[in-house]
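Read through the structure below, which is laid out as structure tokens, and then see the notes.
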Amino acid sequence: MKSNIRVSIAGVGNCASALVQGVQYYKATGDATGVAFKEVNGYTIDDIKFVAAFDVDARKVGKDLSEAIFTPPNNAIKVIDVDRLNVVVKPGPLLDGIAPELVGKHIPVVEAKVDDVVRELESANTDILINYLPTGAQRASEAYAEAALRAGVGFVNAMPAQIATSEQWQAMFTKAGLPLLGDDVQNQLGATVLHKTIMHLLSLRGLKVIGTYQLNVGGTPDFLNLNYRKGQKEKTKTTAIKRMVEGQEFDTYITPVAHVGFLGGRKRAHMFIEAQGFAGVPVRIEVSLEVHDPWNNAGIMVDVLRLMKVALDRGVAGPVYSVAAWAFKNPPIHAPPDEAYQWVIEFINGKRSN
Ligand SMILES: NC(=O)c1ccc[n+]([C@@H]2O[C@H](COP(=O)([O-])OP(=O)(O)OC[C@H]3O[C@@H](n4cnc5c(N)ncnc54)[C@H](O)[C@@H]3O)[C@@H](O)[C@H]2O)c1
């Protein structure tokens with residue numbers, strides 16, 4: 001039976017800002033352009049309700065979510081005023097959430113215990129917890145995954161920590177009868193999905209890939225954090241590209257290069273691919289992409305939340321393989337975008353169980 005989708009957020013940064021604004025935008029305009037799915041089994045974007053939020057940045061904690069999303073250092077563009085949500089941002093466990101170089105002087109912190117997060121998730125009657133913590137926050141992400149398990153809610157790992165691809169976490173969510181999605185969102189039209197699509201095409205057309213690189217710069221706090229901690233992000237991005245060309249060895253260099261402040265919420269990506277076609281004759285491809293990174297993330301998250309709610313309604317336990325392959329850079333099972341899309345359609349129509 002259709003009901004609201006009660007969503008809690010860990011990490012009230014730029015992605016949370018774009019997501020909360022986006023839900024308000026579609027609610028206010030009744031528009032349905034700019035999204036892959038107008039409806040998912042009857043669920044519309046309007047069914048998404050935010051019920052709890054956690055952060056450790058003292059400038060955001062204690063504010064209503066509608067206000068915290070516009071608090072610096074967040075710099076995602078504002079497209080709409082957000083109605084008061086009556087969701088006060090609560091503190092969570094800090095652990096490795098913020099890069100040591102940024103704690104204290106740059107980011108004033110306040111923290112709480114996992115038990116507090118569990119209590120809050122339960123009292124807010126949460127269906128789904130999204131993990132939007134900075135890259136490199138493996139232990140803090142695990143703390144939120146544990147809170148989700150204890151509170152009995154589905155978990156969406158939107159960032160590169162190893163959760164949905166960890167056999168240990170997969171087993172725990174399966175045992176608890178709860179759905180799990182991740183790792184690291186593959187944006188609606190970001191560098192990863194575009195690069196993957198080109199690589200897959202080369203493979204289908206029989207070309208031999210010699211090497212490829214992808215260089216990313218942006219002006220968000222996400223990129224500032226990546227200045228210090230980019231290992232897991234390099235891994236999820238590189239794996240996503242390599243898995244589109246199975247059976248070939250080739251060089252890759254895929255990385256977030258730098259924080260470039262004046263770009264604000266924008267990200268610029270440059271991709272280059274060198275390959276050999278018929279009779280070894282060279283082919284070179286160069287692509288540039290500019291996107292508003294957090295908005296690109298929210299554009300796929302509105303689908304993820306509705307698909308996870310369908311998984312909850314059907315009692316799916318553990319990884320939802322189809323949705324993960326469609327919407328995440330490092331899913332438990334990789335597939336090219338068109339094949340993953342078919343899996344999602346089959347899942348929605350009940351022809352696949354997960
Ligand atoms: N921007 C994109 O398009 C995109 C795409 C895919 C994945 N991601 C990933 O999503 C994550 C979030 O991105 P963002 O742009 O919103 O980052 P952000 O830096 O704007 O926000 C992160 C938030 O998490 C908070 N935080 C840090 N430690 C915490 C803790 N222990 N508990 C609770 N809150 C904590 C920070 O204070 C901040 O508010 C990043 O890991 C990013 O790599 C982003």
Side-chain angles (χ1 to χ4, degrees), residues 8-20 52-61 63 65 68-76 89-100 102-103 106-114 116-117 120 129-144 147 156-161 163 182-193 216 218-237 240 256 259 265-267 269 291-301 304 327-330:
S8 294
I9 298 175
V12 184
N14 272 328
C15 288
S17 174
L19 177 64
V20 173
F54 307 93
D55 210 291
V56 290
D57 185 328
R59 296 165 291 188
K60 296 174 183 172
V61 172
K63 289 186 176 164
L65 180 60
I69 56 173
F70 296 118
T71 300
N74 287 9
N75 62 355
V89 178
K90 297 280 166 65
L94 172 64
L95 299 165
D96 54 359
I98 297 179
L102 297 174
V103 174
H106 299 282
I107 301 182
V109 295
V110 51
E111 41 183 324
K113 296 197 163 35
V114 177
D116 302 317
V117 176
E120 185 69 19
L129 174 63
I130 308 173
N131 178 34
Y132 268 143
L133 262 52
T135 297
Q138 179 68 35
R139 283 172 53 227
S141 298
E142 288 175 358
Y144 285 100
V156 175
N157 183 34
M159 47 75 78
I163 306 280
D183 293 326
D184 201 9
V185 166
Q186 173 173 268
N187 282 359
Q188 189 177 16
L189 195 82
T192 301
V193 77
N216 299 275
T220 58
D222 182 26
F223 270 89
L224 186 61
N225 169 68
L226 290 167
N227 270 352
Y228 306 106
R229 311 192 289 185
K230 63 180 180 182
Q232 285 187 321
K233 185 63 94 181
E234 281 180 339
K235 194 168 164 212
T236 57
K237 286 177 84 69
H259 175 254
R266 287 176 293 157
K267 159 180 152 168
V291 287
H292 283 267
D293 216 17
W295 285 90
N296 213 353
N297 181 293
I300 202 93
M301 186 56 77
V304 167
F328 294 86
K329 294 189 187 83
N330 196 23

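Numbers here simply count residues along the sequence, with the first being 1. Every number for a ligand or one of its atoms is a count from 1 in the order of the listing.
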- Closest approach of Ile300 to Asn187 (non-hydrogen atoms, all atoms of both residues): CG2-CA, 4.4 Å
- Item | Atoms of ligand 1 close to Leu94 [distance to a heavy atom under 4.0 angstrom, numbered from 1] | 31 (N)
- Query: Can a non-hydrogen atom of Thr135 be found less than 4.0 Å from any atom of ligand 1?
  - Reply: yes
- Per-atom filter on ligand 1: closer than 4.0 angstrom to a heavy atom of Asn297 are 2 (C), 3 (O), 4 (C), 5 (C), 6 (C), 7 (C), 8 (N), 44 (C)
- Message: The criterion is side chain to side chain contact (heavy atoms under 4.5 Å, CB included); which residues satisfy it with Pro93, sequence neighbours excluded?
- Response: Leu95, Val114, Val117, Ala143, Tyr144
- Which residue owns the protein heavy atom closest to atom 29 (C) of ligand 1, what's the atom, and how far is it? Val56 CG2, 3.4 Å
- Closest protein heavy atom to atom 21 (O) of ligand 1, given as residue, atom name and distance to 0.1 Å: Gly13 CA, 3.2 Å
- Query: Is there a donor-acceptor contact under 3.5 Å from the side chain of Asn297 to the main chain of Val185?
  - Reply: no
- Query: Is there at least one pair of N or O atoms, one from Pro221 and one from ligand 1, spaced under 3.5 Å apart?
  - Reply: no
- Identify the closest protein heavy atom to atom 41 (O) of ligand 1: which residue and atom is it, and at what distance? Leu133 O, 2.6 Å
- Task: Enumerate the atoms of ligand 1 whose separation from the nearest heavy atom of Asp57 is less than 4.0 angstrom.
- Result: 37 (O)
- Message: At less than 4.0 angstrom from any non-hydrogen atom of Ile98, what atoms of ligand 1 do you find?
- Response: 27 (C), 28 (N)
- Message: What protein heavy atom lies closest to atom 24 (O) of ligand 1? Include the residue and the distance to one decimal.
- Response: Gly11 CA, 3.4 Å
- Return the residue, atom name and 0.1 Å-rounded distance of the protein heavy atom closest to atom 17 (O) of ligand 1. Asp222 CB, 4.1 Å
- Between Ala158, Pro93, Gly190, flag the one that comes closest to atom 31 (N) of ligand 1 by a heavy atom. Pro93
- Is the backbone of Lys233 close enough, under 3.5 Å, to the side chain of Asp184 for a donor and an acceptor to pair up by distance? no
- Message: Just verifying a value: how many Å separate Ile130 CD1 and Leu19 CG, rounded to the nearest 0.5 Å?
- Response: 5.0 Å
- Task: Name the option, out of Met159, Lys233, Gln232, that contains the heavy atom nearest to atom 8 (N) of ligand 1.
- Result: Lys233
- Query: Of all the atoms in ligand 1, which lie at a distance below 4.0 Å from a heavy atom belonging to Asn187?
  - Reply: 2 (C), 3 (O), 5 (C), 6 (C)
- Message: Within the structure provided, determine whether Asp222 and Asn14 are in side-chain contact (heavy-atom separation under 4.5 Å).
- Response: no
- Taking all non-hydrogen atoms of both residues, which atom of Ala76 and which atom of Trp295 are closest, and how far apart? CB-NE1, 4.2 Å
- Message: Is it the case that the side chains of Asp183 and Asn157 hold a donor-acceptor pair, with the cut-off being a distance below 3.5 Å and no angle test?
- Response: yes
- Query: Can you name the closest pair of heavy atoms from Thr192 and Lys237 and give their distance?
  - Reply: OG1-NZ, 3.4 Å
- Item | Flag, side chain of Asn296 to backbone of Leu189, donor-acceptor distance under 3.5 Å | yes
- Message: Treating Asn216 as the side-chain partner and Ala269 as the backbone partner, does any N or O pair qualify as donor plus acceptor under 3.5 Å?
- Response: no
- Enumerate the atoms of ligand 1 whose separation from the nearest heavy atom of Gly97 is less than 4.0 angstrom. 27 (C), 28 (N), 31 (N)
- Task: Among all protein heavy atoms, pick out the one at the shortest distance from atom 13 (O) of ligand 1; state its residue, atom name and that distance to 0.1 Å.
- Result: Cys15 SG, 3.5 Å
- Here the gap from Asp293 atom CG to Arg266 atom CZ, rounded to the nearest 0.5 Å, amounts to 12.0 Å
- When you measure from atom 36 (C) of ligand 1 to every protein heavy atom, which one gives the shortest distance, and what is it? Asp55 OD1, 3.4 Å
- Query: Counting only heavy atoms, which portion of Gln186 has something under 4.0 Å from ligand 1: side chain, backbone, both, or neither?
  - Reply: neither
- Query: Is Val185 in contact with ligand 1, taking contact as a heavy-atom separation below 4.0 Å?
  - Reply: yes
- Item | Test item, Ala137 contacting ligand 1 (heavy atom, 4.0 angstrom) | no
- Any donor-acceptor N/O pair, Asp55 side chain to Val12 backbone, under 3.5 Å: yes
- Under 4.0 Å to a heavy atom of Lys329 - the qualifying atoms of ligand 1, by number: 6 (C)
- Starting from atom 33 (C) of ligand 1, find the nearest protein heavy-atom neighbour and note its residue, name and distance. Tyr144 OH, 3.1 Å
- Taking all heavy atoms of Asn75 and all of Gly219, pick out the closest pair and write down the distance. ND2-O, 3.0 Å
- A student checking ligand 1 against Asp184 at a 4.0 Å heavy-atom cut-off should list atoms 6 (C), 7 (C)
